[in-house]
Amino acid sequence: MNINDLINERNGNIARLKKLIISMNLMPGLSKSSFDHLTEKLFQQLEKGTDQDKLEKVIETEFCVSYGLYKSEFDSEEVASEIFSWWENNSH
């Protein structure tokens with residue numbers, strides 16, 4: 001597999017992860033491009049082999065700091081679980 005194939009595969013996985021995040025309808029008023037930073041950050045964590053607890057903490061931080069949500073407005077455990085399941089079943 002050459003470098004272009006690897007880049008295309010990674011970009012495809014990022015696009016699928018973004019689609020999953022958008023489908024959760026966590027922040028319905030935001031444009032799809034608003035999720036680019038979050039998607040990239042979560043994907044990098046998954047690539048590093050992070051565990052679900054760490055992923056939950058990243059989600060909490062991003063949702064609260066970057067998007068201004070309160071912890072009561074989302075379930076970071078559920079979001080992390082869905083993303084982790086997706087990662088185990090559909091990537092690499």
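With sequence neighbours left out, the salt bridge (Lys or Arg N to Asp or Glu O under 4.0 Å) criterion links Glu40 to Arg10. Residues meeting the ring pair (Phe, Tyr, Trp, His ring centres under 6.0 Å) test with Phe35, sequence neighbours left out: none. Partners of Glu56 according to the salt bridge (Lys or Arg N to Asp or Glu O under 4.0 Å) rule, which considers only residues two or more places apart in sequence or in another chain, do not exist here. The salt bridge (Lys or Arg N to Asp or Glu O under 4.0 Å) test applied to Glu62 returns Lys41, not counting sequence neighbours.
Counting heavy atoms from C-beta outward, Met27 and Phe74 have side chains that stay 4.5 Å or more apart. The shortest distance between side-chain heavy atoms of Val79 and Met24 falls below 4.5 Å. Put simply, the side chain of Trp87 does not reach to within 4.5 Å of the side chain of Leu55, judged on heavy atoms.
One distance of note links CD1 of Ile59 with CG of Leu69; it measures 12.0 Å at 0.5 Å rounding. Taking CD from Glu88 and CD from Gln52, the interatomic distance works out to 8.0 Å, rounded to the nearest 0.5 Å. Separating the CG atom in Leu17 from the CG atom in Leu42 is a distance of 6.0 Å, to the nearest 0.5 Å. To the nearest 0.5 Å, atoms OH (Tyr67) and CG (Leu26) are separated by 10.5 Å. Between atom NZ of residue Lys57 and atom OG1 of residue Thr50 there is a gap of 10.0 Å, rounded to the nearest 0.5 Å. Considering CD1 of Ile83 and CZ of Phe43, their distance stands at 12.0 Å, rounded to 0.5 Å.
No more than 12 heavy-atom neighbours from other residues, nucleotides or ligands sit within 6.0 angstrom of CD on Glu77.
A pairwise comparison of heavy atoms in Lys71 and Cys64 identifies CG-SG, 4.0 Å as the closest pair. A pairwise comparison of heavy atoms in Trp86 and Leu20 identifies CB-CD2, 3.6 Å as the closest pair. Nearest approach of Ser76 to Glu60, heavy atoms of both residues: OG-OE2, 3.0 Å. When every heavy atom of Ile14 is checked against every heavy atom of Thr39, the shortest pair comes out as O-CG2, 3.4 Å.
Pairs passing the side-chain hydrogen bond (donor to acceptor under 3.5 Å, both in side chains) check and including a residue from residues 17-35, sequence neighbours excluded, read Lys18-Asp36, Ser31-Ser33, Ser31-Ser34.
Grouped by direct or indirect side-chain proximity (heavy atoms under 4.5 Å, Ile/Leu/Val/Met/Phe/Trp/Tyr only), Ile7 sits with Ile3.
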